[in-house]
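Following: one structure in structure tokens, then a few remarks.
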Amino acid sequence: MDKIEIERADPAYSEIISELIYQTVPEVWTYLFDSNRELFERYIEGLWLRVHNTFAHTEAVVLIDTQKGNVCGLELGYRGDAKKDLGKRLGTALESIMSQEELATMAPLEQGISYMTAAIPPSAYYLQFFSVDPAYHGQGLGSTLMENCISRAKQLNCRSIHLDVTTDNPAVNVYKTLGFRIAAETRLPEKEILPSFYRMVKRV
């Protein structure tokens, strides 16, 4: 059995983090970046290295395989009332990561995706990214990471945890066993390209 520990995230983990985030919703990342993996990685890694934005290491914890030195899981989230400020910081950071042309191309696509995510109550914890390396599946690490997520939410005086997940993702049933319920379903007209999403909620 691998020895796994939960740690505050470090900027140095940027390369593996991009892979963990990509596997959360590959259809969406392919849609946003037009299958340009290099651009996706520059976007994710650049934001991860900075502080206090919705993709930053400062908002995350990771699972570490201490025997192998591998990052094998990620949980990134924040209070609903922090999203506006974190989003502004993200926009500022992107200006130094991507060209104006790249930003202009992505803007309408990102806006469409934003319509798929319901508003987050100010007192809720929004679980934006939750990912375990497939090589470590079946070891109960998702439950371990979720327990820590609940603790983080309580420390921030949050009343609930919200997350968005594609309706065809097997994780939907896992979240249900962890006490989440489906609160809403959303989709874009480009349904042949993009999956529908569930907003799932758990009281803490």
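Remember, predicted model here, so these are calculated numbers, not experimental data.
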Indicate the atoms forming the closest heavy-atom contact of Y125 with A153, along with that distance. CB-CB, 3.7 Å
Counting distance only, does the side-chain N/O of Q23 pair as donor-acceptor with the main-chain N or O of V132 below 3.5 Å? yes
Counting only N and O atoms by type, is there a donor-acceptor contact under 3.5 Å from the side chain of N53 to the main-chain atoms of L47? yes
Before accepting this row, confirm whether a basic side-chain N of the pair E59/R152 lies closer than 4.0 Å to the acidic partner's carboxylate O. no
With a 4.5 Å cut-off on side-chain heavy atoms, are Y22 and R37 touching? yes
Check whether any side-chain N or O of W48 sits under 3.5 Å from a backbone N or O of D10 as a donor-acceptor pair, and report yes or no. yes
Can you give me the closest heavy-atom contact between T54 and F129, atom names plus distance? O-CE1, 4.3 Å
Would V51 end up clustered with L90 when hydrophobic side chains under 4.5 Å apart are linked, directly or stepwise? no
Ring of F33, cation from R42 - is the NZ or CZ under 6.0 Å from the centre and inside 45° of the axis? no
Would you check if N36 and F40 make a side-chain contact, meaning some heavy-atom pair closer than 4.5 Å? no
Atom pair CZ/CZ of R79 and R159 - distance to nearest 0.5 Å: 8.5 Å
Side chain to side chain contact (heavy atoms under 4.5 Å, CB included) between L163 and Y175, worked out: CA-CA 10 Å; L163 63 85; Y175 291 134; 3.8 Å; yes
Hydrophobic cluster membership, F130 vs F180, 4.5 Å side-chain cutoff: yes
Can you confirm whether T117 sits close enough to T186 that some side-chain heavy atom of one is under 4.5 Å from a side-chain heavy atom of the other? no
CD on E185 to CE on M116, rounded to 0.5 Å: 9.5 Å
Side chain to side chain contact (heavy atoms under 4.5 Å, CB included) between N148 and V61: does it pass, once the steps are laid out? CA-CA 9 Å; N148 189 75; V61 297; 3.6 Å; yes
Let me confirm one number: the NZ-NZ distance from K176 to K202, rounded to the nearest 0.5 Å. 14.5 Å
Under a 4.5 Å cut-off applied to non-hydrogen side-chain atoms, are T144 and Q139 in contact? no
Tightest non-hydrogen contact, residues T58 and R8, listed as O-NH2, 2.9 Å
In this structure, would L49 and I17 fall into the same cluster of hydrophobic residues linked by side-chain contacts under 4.5 Å? no
What distance do L141 atom CG and I6 atom CD1 have between them, rounded to the nearest 0.5 Å? 9.0 Å
Donor-acceptor pair, H57 side chain versus R50 backbone, under 3.5 Å? yes
Check for a donor-acceptor pair, side chain of T24 on one end and backbone N or O of L20 on the other, with a separation under 3.5 Å. no
Is the side chain of N169 donor-acceptor paired with the backbone N or O of A171 at a distance under 3.5 Å, no angle test? yes
Closest approach of V62 to I64 (non-hydrogen atoms, all atoms of both residues): CG2-CD1, 3.8 Å
Does a sphere of radius 6.0 Å around CD in E110 hold more than 12 heavy atoms from other residues, nucleotides or ligands, not counting ones at 6.0 Å or beyond? yes
Step-by-step side chain to side chain contact (heavy atoms under 4.5 Å, CB included) determination, L74 to E19: CA-CA 11 Å; L74 165 72; E19 180 58 36; over 6 Å; no
To the nearest 0.5 angstrom, please state how far the CG atom of L63 sits from the CD atom of E7. 9.5 Å
Is the shortest heavy-atom distance from the side chain of W29 to the side chain of I21 under 4.5 Å? yes
Using modelled atom types only, decide if a donor and an acceptor are shared between the side chain of S96 and the backbone of A93 within a distance under 3.5 Å. yes
Is there side-chain contact between L194 and I113, with at least one heavy-atom pair below 4.5 Å? yes
Shortest non-hydrogen contact from S196 to R187? OG-CB, 3.4 Å
Distance-minimising heavy-atom pair for T166 and P195: CG2-CG, 3.4 Å
Set out, in order, the CA-CA distance, both residues' side-chain angles and the distance that settles side chain to side chain contact (heavy atoms under 4.5 Å, CB included) for Y43 and L94, then state yes or no. CA-CA 8 Å; Y43 179 98; L94 282 177; 3.5 Å; yes
From I161 CD1 over to K154 NZ, what is the distance, rounded to the nearest 0.5 angstrom? 8.5 Å
